[in-house]
Structures are given as structure tokens and as C-alpha cells.
Colleague: 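The structure under discussion is supplied below as C-alpha cells; questions concerning it will follow.
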Amino acid sequence: MKTVVWAALAVLIAAIVACFAPDRFMIAYGLIVFLITVLTAIGQVYGIDNHLYLDKKAREYDEKKRR
């Protein structure tokens, strides 16, 4: 799954560069906004995963501490 996402991001970046070459600036700017949106969503997903991992570790630590 991660390789598909990274490949899609690489294609998106290539499309942005390709849009700047023939002076299609509005399309390129739209793709840049879309890229920022996708990167923000990926960051949010990793943030949630990190929060869940830390919460799980804290509960395990509390259970060990009670014993």
C-alpha cells in the first residue's frame, strides 16, 4: 500500500513539473494544492497511528506498574 501511495505522489510531482513546461500554470497550481492536501492527510494518518501506539504502550506500562 505504501509503495502505491509513494508512486502516486511521484506521478503527481511529475505532472506538476510537466504542467509548468507548456505554461499551464493554473493546472499546476491546482495540482500543488492537491499535493499539499494529500501530504496533510498522510500526516494526519501517521499522527493518529502514533497516538494509538503511544496510548497502547501507556496502558501496558500502567498494567505492569500495578503488579
Side-chain angles (χ1 to χ4, degrees):
M1 181 69 178
K2 287 184 180 181
T3 56
V4 173
V5 171
W6 290 115
L9 288 176
V11 169
L12 183 59
I13 291 171
I16 291 169
V17 172
C19 285
F20 276 118
D23 295 334
R24 301 284 186 190
F25 293 113
M26 291 306 293
I27 296 172
Y29 293 142
L31 290 174
I32 289 171
V33 169
F34 182 69
L35 176 65
I36 291 171
T37 304
V38 169
L39 292 176
T40 302
I42 290 172
Q44 291 294 322
V45 168
Y46 278 115
I48 290 169
D49 286 345
N50 186 36
H51 180 72
L52 292 174
Y53 173 78
L54 290 176
D55 188 49
K56 179 182 171 187
K57 288 297 179 181
R59 289 177 193 226
E60 290 174 1
Y61 178 75
D62 287 342
E63 287 177 7
K64 286 182 182 179
K65 193 175 178 181
R66 288 183 195 162
R67 293 181 191 173

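For reference, positions follow the sequence shown, starting with 1.
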Colleague: Test of understanding: clusters of I, L, V, M, F, W, Y form through side-chain heavy atoms closer than 4.5 Å, transitively. Do Leu12 and Trp6 belong to the same one?
Modeller: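 Yes.
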Colleague: Should side-chain heavy atoms under 4.5 Å link Ile, Leu, Val, Met, Phe, Trp and Tyr, which residues sit in the same cluster as Val11?
Modeller: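 Via sub-4.5 Å side-chain contacts, Val11 links to none.
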Colleague: Taking a hydrophobic cluster as the set of Ile, Leu, Val, Met, Phe, Trp and Tyr residues connected by side-chain heavy atoms closer than 4.5 Å, whether directly or through intermediates, do Val45 and Val5 fall within one such cluster?
Modeller: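 Unlinked, Val45 and Val5 end up in two clusters.
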Colleague: Anything under 3.5 Å between a donor and an acceptor, one on a side chain of residues 23-32, the other on a protein residue two or more places apart or in another chain? List them.
Modeller:
none

Colleague: Just to verify, what does Asp55 make a salt bridge (Lys or Arg N to Asp or Glu O under 4.0 Å) with, not counting sequence neighbours?
Modeller: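 Asp55 satisfies salt bridge (Lys or Arg N to Asp or Glu O under 4.0 Å) with Arg59 once adjacent residues are dropped.
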Colleague: Mind checking who shares a hydrophobic cluster with Tyr53, ILVMFWY linked at side-chain heavy-atom distances under 4.5 Å?
Modeller: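 Leu54, listed by chain and number.
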Colleague: Who passes salt bridge (Lys or Arg N to Asp or Glu O under 4.0 Å) against Lys57, sequence neighbours left out?
Modeller: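 Only Glu60 meet the salt bridge (Lys or Arg N to Asp or Glu O under 4.0 Å) criterion with Lys57.
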Colleague: Who clusters with Ile48? Use side-chain heavy atoms, under 4.5 angstrom, across I, L, V, M, F, W and Y, and order the result by chain and number.
Modeller: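 Direct or chained contacts put Ile48 with Leu52.
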Colleague: With sequence neighbours excluded, give me every ring pair (Phe, Tyr, Trp, His ring centres under 6.0 Å) pair touching residues 33-52.
Modeller: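 Applying ring pair (Phe, Tyr, Trp, His ring centres under 6.0 Å) to every pair that reaches into residues 33-52, excluding sequence neighbours, yields nothing.
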Colleague: Check whether any side-chain heavy atom of Leu39 sits under 4.5 Å from a side-chain heavy atom of Leu9, and report yes or no.
Modeller: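 The answer is yes, as the side chains (C-beta and beyond) meet within the 4.5 Å cut-off.
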